[in-house]
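Predicted, not measured: the structure shown is a model, and the values here were computed from it. Below, chain A is the first sequence line, B the second, and so on; all start at residue 1.
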Protein chains: 2
Amino acid sequence: MVLVDTNSDWKSSRRAEAVRRIQDTAWTIAREQGLAALSLREVARRLGMQAPSLYSYFASKNDLYDAMFARAASELATLVESLDAELGVRTETAIDVRASFKTGARRFAEFCVGDPARFQLLFQRTIPGFEPSSDSYAPAIRALEMTDRQLASMGVRERGHADLWLAILSGLLSQQLSNDPGGDRWLGLLDDAVEMFCDHVDIPPQRRARRRNG
Amino acid sequence: MVLVDTNSDWKSSRRAEAVRRIQDTAWTIAREQGLAALSLREVARRLGMQAPSLYSYFASKNDLYDAMFARAASELATLVESLDAELGVRTETAIDVRASFKTGARRFAEFCVGDPARFQLLFQRTIPGFEPSSDSYAPAIRALEMTDRQLASMGVRERGHADLWLAILSGLLSQQLSNDPGGDRWLGLLDDAVEMFCDHVDIPPQRRARRRNG
DNA sequence: GTCTATAGGGTGATAGAC
DNA sequence: GTCTATCACCCTATAGAC
């Protein structure tokens with residue numbers, strides 16, 4: 001957790017700037033060498049600092065992970081928000097819900113494949129001893145709730161069905177990243193998965209509105 | 001990779017016994033503290049040895065991971081073999097294919113939930129610098145091929161469909177292990193997922209045989 | 001072959017000078 | 001805030017006793 005500087009503005013902004021640069025460097029290393037291969041000494045080295053100086057900004061390595069998680073979760077929330085605006089499927093009269101599903105799946109896939117380290121930090125619990133703080137987790141929860149609302153507006157109202165869809169999506173992406181990084185063996189199944197799921201939850205196939213009390 | 005002892009039988013069996021005990025201890029630690037938290041010193045400590053002595057049995061820590069992977073992959077192959085025998089769905093005249101799907105899914109889920117560390121080692125690539133050797137990977141490939149054959153005998157003949165099913169399954173289990181360890185929020189969706197998938201690939205719902213050249 | 005002893009170069013973390 | 005010095009731990013490797 002980053003200590004908040006209550007001093008003058010330029011001072012706190014200098015501090016925020018330093019925090020940001022540390023995080024940027026940490027992400028660069030994580031993407032280059034793997035999330036678990038991150039080391040504080042390497043971060044400090046690239047910034048021209050000594051390792052212990054980092055402890056002025058982060059109380060521990062796990063706190064750095066926590067800040068990285070917070071950023072990743074915020075980026076996820078931003079993605080979901082932009083999808084909300086883009087798809088505009090707030091009402092039940094949306095046209096071609098399946099097309100919206102496919103767009104959402106594709107955007108989410110790009111988000112994950114575009115940064116496997118971020119995917120690992122957000123969706124797999126693989127760093128021993130690290131659990132995101134509730135503060136850092138909050139944007140992830142917000143993103144999940146927004147997604148649930150989006151799914152509900154698209155006709156997926158049972159929690160089990162929403163869970164199933166997100167499991168399918170994350171399963172395809174996990175397989176893609178683990179077994180065929182850079183390829184599209186599983187990415188190419190996204191549209192098929194949408195059709196399968198929409199059939200299952202009775203989302204109509206065509207670009208016709210679905211009446212509420214039909 | 002474990003060096004093969006070509007000496008007398010009891011000697012090589014003593015060696016094999018030591019190798020086995022080291023592996024057992026390593027698995028215990030991995031299950032207790034996480035796969036990535038494994039340390040050779042801790043292994044040696046629990047066995048009353050000095051850490052360097054482990055290098056008589058494993059050339060490096062990654063070689064120990066490799067042996068652990070080999071065991072996990074063999075256990076997976078054993079599971080798939082037992083499923084093969086149990087389900088007996090070798091021909092196209094199998095009855096109630098969906099029930100076989102559900103049984104297979106449940107067995108696989110038990111396999112994964114019963115040992116999350118094994119799941120992580122087998123299906124998530126999260127240890128920096130570790131790649132299973134081709135020898136250790138072989139049983140995993142065998143298990144995958146057997147699974148493909150089983151799926152084919154159950155009516156799933158396109159690679160994309162087999163990939164999709166395994167992605168669904170692994171996605172549900174990954175979500176279960178990451179977000180609700182010990183619970184059943186995603187495990188409870190397995191049967192529903194089977195129905196969804198079987199509908200999608202036109203596997204008939206009832207216990208009726210499907211003719212080959214119908 | 002198997003062990004002990006030891007060393008080199010990493011790691012996260014802390015104490016204290018400035 | 002930043003540094004130096006230091007600690008305790010880690011993996012890896014080698015030398016040498018038995």
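If you measure from atom OH of B:Tyr65 to atom C1' of D:dC10, you get 12 Å, rounded to the nearest angstrom. For the pair B:Lys61 NZ and C:dT11 P, the interatomic distance rounds to 14 Å; values are reported in whole Å. Between A:Ile22 atom CD1 and D:dT2 atom C1' there is a gap of 12 Å when expressed in whole angstrom units. Between B:Met49 atom CE and D:dC11 atom P the separation is 14 Å, expressed in whole Å. Rounded to whole Å, the distance from CG on A:Leu64 to P on C:dA13 is 10 Å. Between the CG atom of B:Asp63 and the C1' atom of D:dA13 there is a distance of 14 Å, rounded to whole Å. Residue B:Leu40 contributes atom CG, which lies 5 Å from atom P of D:dC11 at whole-angstrom precision. Spacing between atom CD1 of B:Ile29 and atom C1' of D:dC11 amounts to 14 Å, rounded to whole angstrom units.
The aromatic rings of A:Phe108 and A:Phe111 lie parallel to each other, their planes meeting at an angle below 30°, with 60° marking the opposite boundary. Between B:Tyr137 and B:Phe69, the two ring planes are parallel [angle under 30°; tilted spans 30° to 60°].
Counting non-hydrogen atoms under 4.0 angstrom, B:Leu54 reaches nothing in the nucleic acid.
A:Arg106 has no carboxylate O lying under 4.0 Å from a charged side-chain N of A:Glu86, or vice versa, which leaves the two without a salt bridge.
For C:dG1, the OP1/OP2 oxygens have no side-chain nitrogen or oxygen of B:Ser56 closer than 4.0 Å. Considering only side-chain N and O atoms, B:Arg15 lies under 4.0 angstrom from the phosphate OP1 or OP2 of C:dT2. In terms of phosphate contacts, A:Tyr57 brings a side-chain nitrogen or oxygen within less than 4.0 Å of OP1 or OP2 of D:dT2. The side chain of A:Arg41 contributes no N or O atom lying less than 4.0 Å from OP1 or OP2 of C:dG9. At least one side-chain nitrogen or oxygen of B:Ser53 sits closer than 4.0 Å to the OP1 or OP2 atom of C:dT4. A close approach under 4.0 Å does occur between a side-chain nitrogen or oxygen of B:Arg45 and OP1 or OP2 of D:dC10. Phosphate contact (OP1/OP2 of C:dA5, side-chain N/O of B:Gln50, threshold under 4.0 Å): absent. OP1 or OP2 of D:dT12 sits under 4.0 Å from a side-chain N or O of B:Tyr55.
Two residues, A:Pro52 and A:Ser39, neighbour DNA chain C, and the one matched to the more 5' nucleotide by heavy-atom proximity is A:Ser39.
Residues B:Leu64 and B:Tyr57 have side chains not in contact (no heavy-atom distance under 4.5 Å, counting atoms from C-beta outward).
Side chains of B:Gln175 and A:Ser170: a donor on one and an acceptor on the other come within 3.5 Å.
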